[in-house]
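Read the structure below first, then the notes.
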Amino acid sequence: MADGPLIVQSDRTVLLEVAHPDAESARHELAIFAELERAPEHIHTYRITRLGLWNARAAGHDAEDMLATLERWSRFPVPPSVSIDIRETVGRYGRLTIERNDEGALMLRAIDTAVLTEVSRNKRIQPLLIGHPTPDSYAIDAWARGHIKQELLKIGWPAEDLAGYTPGTPHPIELEENGWVLRPYQRQAVDIFTEGGSGVVVLPCGAGKTLVGAAAMADTKTTTLILVTNTVSARQWRDELLKRTSLTAEEIGEYSGQVKEVKPVTIATYQILTAKRGGQYAHLALLDALDWGLIVYDEVHLLPAPVFKLTADLQARRRLGLTATLVREDGREGDVFSLIGPKRFDAPWKEIEAQGFISPAACYEVRVDLPAGDRLEYAAAADDERYRLAATAHAKIDVVRQLVARHEGERILVIGQYLDQIDVLAEALNAPQITGATPIDEREELYQAFRVGEVSLLVVSKVANFSIDLPEASVAIQVSGSFGSRQEEAQRLGRLLRPKESGNTASFYTLIARDTVDQDFAQNRQRFLAEQGYSYTILDADAIAA
DNA sequence: AAGATAGCAA
DNA sequence: TTGAATGCTATCTT
């Protein structure tokens, strides 16, 4: 295309011109195999990585599809080095396979023996090979299945795991589609997963990941272990399974700090698996408590590092990872790929949106000017004080007031990170506040009042990131962000702001003090939001007043 | 046994 | 880099 939205560069980055009329179409196709790296106002940068290419390949896209995408939307000819590199990298996936021989022993096989010879010389892989029965295969121990996949990925020869899975103890599970049906893309995701037996399904927030899990369980019909991030999420899984499947309360167990039940379907938190006593993992027994036929990893991009270690030994069990984004802030995407499995399905965004199943919130970054006095104080402050000063700038309060007035009649959440600031805001807006110190029953009361509409404005601290589900909110105003995981923020945002029945899109505002560190941190946040398909607009505080 | 509280990890 | 959450365990109380 002579004036396409993409520029493909020979360093394997791809620039996307955001304002271009075809930008969104190009973004959706590009996101299949490239990762968003930076997302400032005008030009977004994507990077074509090996892992991205292999994930796309495992999800059924081939090199020619990906090159066609680049050629279709690229303004200039695609550099030959890039197309050669894409073909070469994609071609590496599947050259090595892990299979069972006729006796059921695990074998590492290769189509061409040169590759096999090369990897067998590697000093971290050599010890895992226990025999060389035929020129095109090596024997490996069952316990080494995960480790060898990790090592092979590291040296650039990812193996396709075709060795199959233990059936697990059969257990009858049916979907009960009364008054609802599995959406077409959910069905498709489950079908592809069931065929592959392990891997990750990537769906945007609100697209019904739990149902994909439930349907996968109904397909495999075995005892299932579900791993989740926190107890609220555990309860949501439980409720959803009771409502949507034939499972009864007696068949679903919770394995957490409070209760330790092991039932045919058991829901456990990641934390309990990582809990140690006397240097040993205290709850390892859970993994072998039953002959699990399926393990579901919820929010797989948040999987704690120690769980990878444990997962390395679980390669014979079917594994389903669910997530909205594969990007991790600790760079362990490779472990997700080799230990949980490759990406099997990514959402055809356009279709899901067109079918009205999700409508992501519109995000606005509002830049606020600091008054001269505050600017001076900021400039003189020590580094570790600066962020706090910028984040809690008083100038923000007026802007919040204006935004609240602008969205009169809607349910609004004001989110802050500093307790002092929350106090001040609650006072200024004459609204109730909820923080970690608020007693549980008082929280529940306020949430309930908010749900039914008695209270339309709440000032909340980070508690809102975790333990609440307030889909009634249609406006969120973030006054100060956090250093912590920005992904998590984006995740919870999806939980807070659901597509509204009225058809109005939800709005999310982030207040940023202009020309401060505040602005730098906002960059990262933007990236995750843009990655998950939220639109992003930068506003000036003066524009709000007008 | 059940509930409250403190300390720890990440 | 900080500050505010979480879940888990152990300990103490009733």
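Below, read A as the first sequence line, B as the second, and so on, with proteins coming before strands; counting in each chain starts at 1.
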Nucleotide nearest [X] when distance is taken to its side chain, options [options]:
X        : options             : result
A/Thr269 : C/dG3, C/dG7, C/dT6 : C/dG7
A/Gln417 : C/dC8, C/dT2, C/dA5 : C/dT2
A/Lys462 : C/dG7, C/dT6, C/dG3 : C/dG3

Calculate the interatomic distance between [X] atom [atom1] and [N] atom [atom2]; express it in whole Å.
X        : N      : atom1 : atom2 : answer
A/Glu254 : C/dC8  : CD    : P     : 9 Å
A/Ile422 : C/dG3  : CD1   : C1'   : 11 Å
A/Gln433 : C/dA5  : CD    : C1'   : 15 Å
A/Asn230 : C/dC8  : CG    : P     : 9 Å
A/Tyr270 : B/dA10 : OH    : P     : 17 Å
A/Ile415 : C/dA5  : CD1   : C1'   : 14 Å
A/Leu273 : B/dA10 : CG    : C1'   : 16 Å
A/Asp423 : C/dA4  : CG    : C1'   : 14 Å

*Assign A/Thr274 to base, sugar-phosphate, or nothing according to its heavy-atom contacts below 4.0 angstrom with the strands shown.*
nothing
Can you name the residues that form a salt bridge (Lys or Arg N to Asp or Glu O under 4.0 Å) with [X], not counting sequence neighbours?
X        : answer
A/Arg406 : none
A/Arg375 : none
A/Asp346 : A/Lys343
A/Arg514 : A/Asp369, A/Asp540

_Within residues 236-278 of chain A or reaching into it, pairs that qualify as ring pair (Phe, Tyr, Trp, His ring centres under 6.0 Å) - sequence neighbours excluded_ = A/Tyr255-A/His283
*Between A/Glu410 and A/Ser474, a side-chain donor and acceptor under 3.5 Å*: yes
_Using 0.5 Å steps for rounding, measure from the OG1 atom of A/Thr223 to the CD1 atom of A/Ile173._
8.0 Å
*Any side-chain N or O of A/Thr435 less than 4.0 Å from the OP1 or OP2 oxygen of C/dA4?*
no
*For nucleotides 9-14 of chain C, read 5' to 3', which letter fits each nucleotide if B means a protein heavy atom sits under 4.0 Å from the base, S means only the sugar-phosphate is that close, and - means neither?*
SS----
